[in-house]
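Each remark here refers to the structure printed beneath this line.
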Protein chains: 2
Amino acid sequence: MPAASIRARVRAEMIDEIKAVARRHLATDGANLSLRAVARDMGMVSSALYRYFPSRDDLLTALILEAYDALGDAVEAADAAVDPRDLRGRWHAACRAARDWALAHPAEYALLYGSPVPGYAAPDDTVLPAQRPPTTLVGILGDGYADGRVTVADDDLPEPVRADLAEITAGLFPGLPESLLARVMAGWTQLFGLISFELFGRLNRAVPHREAYFDHQTGLMADLIGLPR
Amino acid sequence: MPAASIRARVRAEMIDEIKAVARRHLATDGANLSLRAVARDMGMVSSALYRYFPSRDDLLTALILEAYDALGDAVEAADAAVDPRDLRGRWHAACRAARDWALAHPAEYALLYGSPVPGYAAPDDTVLPAQRPPTTLVGILGDGYADGRVTVADDDLPEPVRADLAEITAGLFPGLPESLLARVMAGWTQLFGLISFELFGRLNRAVPHREAYFDHQTGLMADLIGLPR
DNA sequence: GGCACGACGAGAGCGCTGCTCTCGGTTCGT
DNA sequence: ACGAACCGAGAGCAGCGCTCTCGTCGTGCC
């Protein structure tokens, strides 16, 4: 006797299958996901899908949540697989993991980091999973700062910026100097830009050797942050 | 007697008005531009629009081209308005101009730099205007290198990356060391990431003082590139 | 100066979309 | 056992991009 009723279990499986089919459509057809097409693929009529997702946006939100978690898993796993004292190795591993995941799931990456859909507002559930990759990067720097191998940069932060960043460190990595957080955020911004440029075809002709270019660019940011070689 | 016939002139005005109305719709309704809605706003029936643009994508392409040029104009003008020897001032001015234009035209920025539309392939006309902002940044660094105030970084570039970048400098700023170009591209990537994060709402809660944050971050990249203070 | 041609706008229509509502049939909790 | 909740099918609505046809009107040519 299952703890959940048959109906509840079938419903859960149904939701999973809908998401799986939708993800497949996303991968092939791009961002304009069609509920009717998903329903057709499942041998259902489109109105039946609304028993499981009240609207197309809710389906997209579910996919977005799972995508954030998949990306977060990949980045954190890559970081954890490296010797914790090898800060630069961890940095490169985390960056590469993000890039690899994005290249393997371009449509989902575009869903997460592309232009926001006009009417769509990201629900609050997404903000925590969305912070996992940058949080991982902060953690690498924080470990280096904690044992003294990363020294504080002598940036003169404008006071309002220092205050904003202080609130972030308080909830994320207490004690981390704001100037270091500012630098790691520069690295995170750069990482996002690198992946987006590559994925959205902006260096198609210009830079054929994209992997080496990526590693070099992330290395530049590691220098800026002050990760020891 | 006008050189062009009345019909040709009316047609040109019509095209301009369609683009203007479409741009207005883009600003209010976001990226999903509706041909029918544009036609309604002009008191026309939708099929009449096809006399001027063979498809919705062609209208979008026209808007994209104009947007690239507007952004390029803004960045180049901001750069030119600063004393050419004030490299850091030029850098900040160019970066701020890009941000200001993006904040003033968020939908058009999203059109240029957001996730690519699935079926849409950017025509070759767009690649040159698209290169104007990064070219401006390269020019700032190049001027500094030419008169010796920016010294070459001793990065060890992997050979394939060096070769790729050498091809770019050859057509853009002959004689510029590849390692410097790599750093400018890091700055350009970062600039794009900064604007995108801000525009797509990624630092809504985290960083309220966005302008000061922006200036500090672009300053970090100026440091990385080696622009003198 | 007439005239055939081309451009033009309106309208109908096709297939697609997201979404709503109604109607039978099944399953669940009590 | 029975009412309630759930589920899938079907019809339908408004909107979309796009095509085709049909009168109308300006244009360049003879």
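Order of the sequence lines fixes the chain letters, A, B, ..., with proteins taken first and strands second; residue numbering starts at 1 for each chain. Just so you know, these numbers come straight off a predicted model, no measurement behind them.
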Donor-acceptor pair (no angle test) under 3.5 Å: A/R7 side chain, C/dT27 base: yes
Spacing between B/L59 atom CG and D/dC16 atom C1', to the nearest angstrom: 15 Å
Contact under 4.0 Å: A/S47 side-chain N or O vs D/dA9 OP1/OP2: no
Residues B/D58 and B/T61: side-chain donor-acceptor under 3.5 angstrom: no
Length of the CG-C1' vector between B/L35 and D/dC18, whole Å: 9 Å
Presence of B/Y50 side-chain N/O under 4.0 Å of C/dG9 phosphate oxygens OP1/OP2: no
Sugar-phosphate only, base, or nothing, as touched by B/L49 at under 4.0 Å among non-hydrogen atoms: nothing
Donor on one side chain, acceptor on other, B/S115 and A/Y109, under 3.5 Å: no
Rounded distance (Å) that lies between atom P of D/dA5 and atom CD1 of A/I6: 21 Å
Phosphate OP1/OP2 of D/dC6 contacted by A/R11 side-chain N/O (<4.0 Å): no
Geometric class of the A/Y68/A/Y113 ring pair [parallel <30°, tilted 30-60°, perpendicular >60°]: perpendicular
Presence of A/R40 side-chain N/O under 4.0 Å of C/dT17 phosphate oxygens OP1/OP2: yes
Residue-phosphate contact under 4.0 Å: B/R51 side-chain N/O, C/dC8 OP1/OP2: no
B/H92 versus B/D215, side-chain donor and acceptor atoms under 3.5 Å: no
Between D/dC18 (C1') and B/M44 (CE): distance, integer Å: 15 Å
Sugar-phosphate, base or nothing in reach of A/F53, heavy atoms under 4.0 Å: nothing
OP1 or OP2 of C/dG18 under 4.0 Å from side-chain N/O of A/R56: yes
Shortest side-chain distance from B/S34, nucleotide among D/dG17, D/dT27, C/dC19: D/dG17
Nearest-nucleotide pick for A/Y52, side chain only, options being C/dC8, D/dC7, D/dC18: D/dC7
For atom CG of A/N32 and atom C1' of C/dG15, their distance in whole Å: 16 Å
Sugar-phosphate, base or nothing in reach of B/M14, heavy atoms under 4.0 Å: sugar-phosphate
Stepwise salt bridge (Lys or Arg N to Asp or Glu O under 4.0 Å) test for A/R96 and A/E211: CA-CA 9 Å; A/R96 274 200 213 109; A/E211 190 162 329; 5.5 Å; no
Sugar-phosphate, base or nothing in reach of B/L33, heavy atoms under 4.0 Å: sugar-phosphate
5′-ward residue of the pair A/R36/A/A48 relative to DNA chain D: A/A48
